[in-house]
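All remarks here apply to the structure that follows.
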Amino acid sequence: MSVHSNVKKVTTHVLQEMKNAGEKITMLTGYDYTMARIIDTAGIDVILVGDSASNVMAGHETTLPITLDQMIYHASSVVRGVDRALVVVDMPFGSYQGNSKEALSSAIRIMKESGGHAVKLEGGQEILESISRILTAGIPVMGHLGLTPQSIYKFGTYVVRAREEDEAKRLIEDAKALEAAGCFAIVLEKIPTELAAKVAKEVSVPIIGIGAGGGVDGQVLVVHDMLGINNEFSPRFLRKYHNLFQEMLGSFHRYIEDVRSGDFPNEEESY
Ligand code: KIV
């Protein structure tokens, strides 16, 4: 068992200590109070209020449509369910790119209105000015490199990133730039295992992977995917711990049958 699994509150400093001690960091997404309560009770280190809420909660094809107000709504619901985990909130598309003043005011709104503990932004050197400005306000920033879903229309597909030498070199430079700017951790999404392990070795802050192999400092998955609630998404990197889609379907079928047949409610379930 990891030494830090007993800490009462996970902070960015705890995550750094975990990396230094070689203890793996656990992270899952969360979008609502009830799920956050269960994930936090299980002892997760970090809950990411991901902009993947745009897909799994709102049914959009991409993460682009979700708004700052909607992210704040999800984040404040998660914060109310959490005692221990660090809550990191994704800054949505359009709330930070290209204008560092707007980036700072978006981050301040997230912290003030949701009670989250940190923000996450997608991108490398091109968003350094926004990251630096947010950090000046004392807001911890998590970076996100590799497959960055807010840029899906630039990439064109969700295939593995940085297989080519040029892109791999750029990714390492970006990771070092994020570390130098003061990011407390970096997510690496869907890149080759060897490259991710190299970044985790060369960069001193925690590297959290999704589809980035086991050589990094921690792992993150989308909670609906790992529970198998979403049965339309089965990438190679995903481990499904349940098939809740089928389980829930069975319960809904039984309920419909019970109501239709008059079996529910029975006497014991009535006043
Ligand atoms: O929005 C999200 O769920 C994410 C994770 C995939 C890292 O950014």
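Order of appearance sets the numbers: ligands from 1, and atoms from 1 within every ligand.
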_Shortest protein heavy-atom distance from atom 8 (O) of ligand 1, along with the residue and atom involved_ =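 Nearest protein contact, heavy atoms only, for atom 8 (O) of ligand 1 is K120 NZ, 2.9 Å.
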
*asked:* How far is atom 2 (C) of ligand 1 from the closest protein heavy atom, and which atom is that?
replied: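 Nearest protein contact, heavy atoms only, for atom 2 (C) of ligand 1 is S52 OG, 3.3 Å.
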
*Just by modelled atom types, is the A162 backbone N or O under 3.5 Å from a matching donor or acceptor in the E167 side chain?*
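At least one qualifying donor-acceptor pair exists.
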
Quick test of your reading of the model: are [X] and [Y] salt-bridged, counting only N-O distances below 4.0 Å?
{"X": "K8", "Y": "D83", "result": "no"}
{"X": "D51", "Y": "K120", "result": "no"}
{"X": "R170", "Y": "D174", "result": "yes"}
{"X": "D40", "Y": "R84", "result": "no"}

*asked:* Below a 4.0 angstrom heavy-atom separation, can you tell me which part of I210, side chain or backbone, both or neither, approaches ligand 1?
replied: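 Within the 4.0 Å criterion, I210 contacts ligand 1 through side-chain atoms alone.
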
*Would a line drawn from the ring center of Y31 to the ring center of H224 be shorter than 6.0 Å?*
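They qualify: ring centres under 6.0 Å apart.
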
*When you look at OH of Y158, are more than 12 heavy atoms from neighbouring residues, nucleotides or ligands closer to it than 6.0 Å?*
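Result for OH/Y158: enclosed.
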
Give the atom numbers and elements of ligand 1 that come within less than 4.0 Å of a heavy atom of [X].
{"X": "V222", "result": "3 (O)"}
{"X": "D90", "result": "1 (O), 2 (C), 8 (O)"}
{"X": "H144", "result": "8 (O)"}
{"X": "T29", "result": "3 (O)"}

*Determine, considering heavy atoms only, which of L48, V56, T148, I66 sits nearest to atom 5 (C) of ligand 1.*
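Looking at heavy atoms only, L48 sits closest to atom 5 (C) of ligand 1.
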
*asked:* Nearest non-hydrogen contact with atom 1 (O) of ligand 1 belongs to which option: D51, D225, L188, L28?
replied: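 Nearest heavy atom to atom 1 (O) of ligand 1 lies in D51.
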
*Using distance alone, determine whether E189 and ligand 1 share an N or O pair under 3.5 Å.*
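N/O-N/O distance below 3.5 Å does not exist for this pair.
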
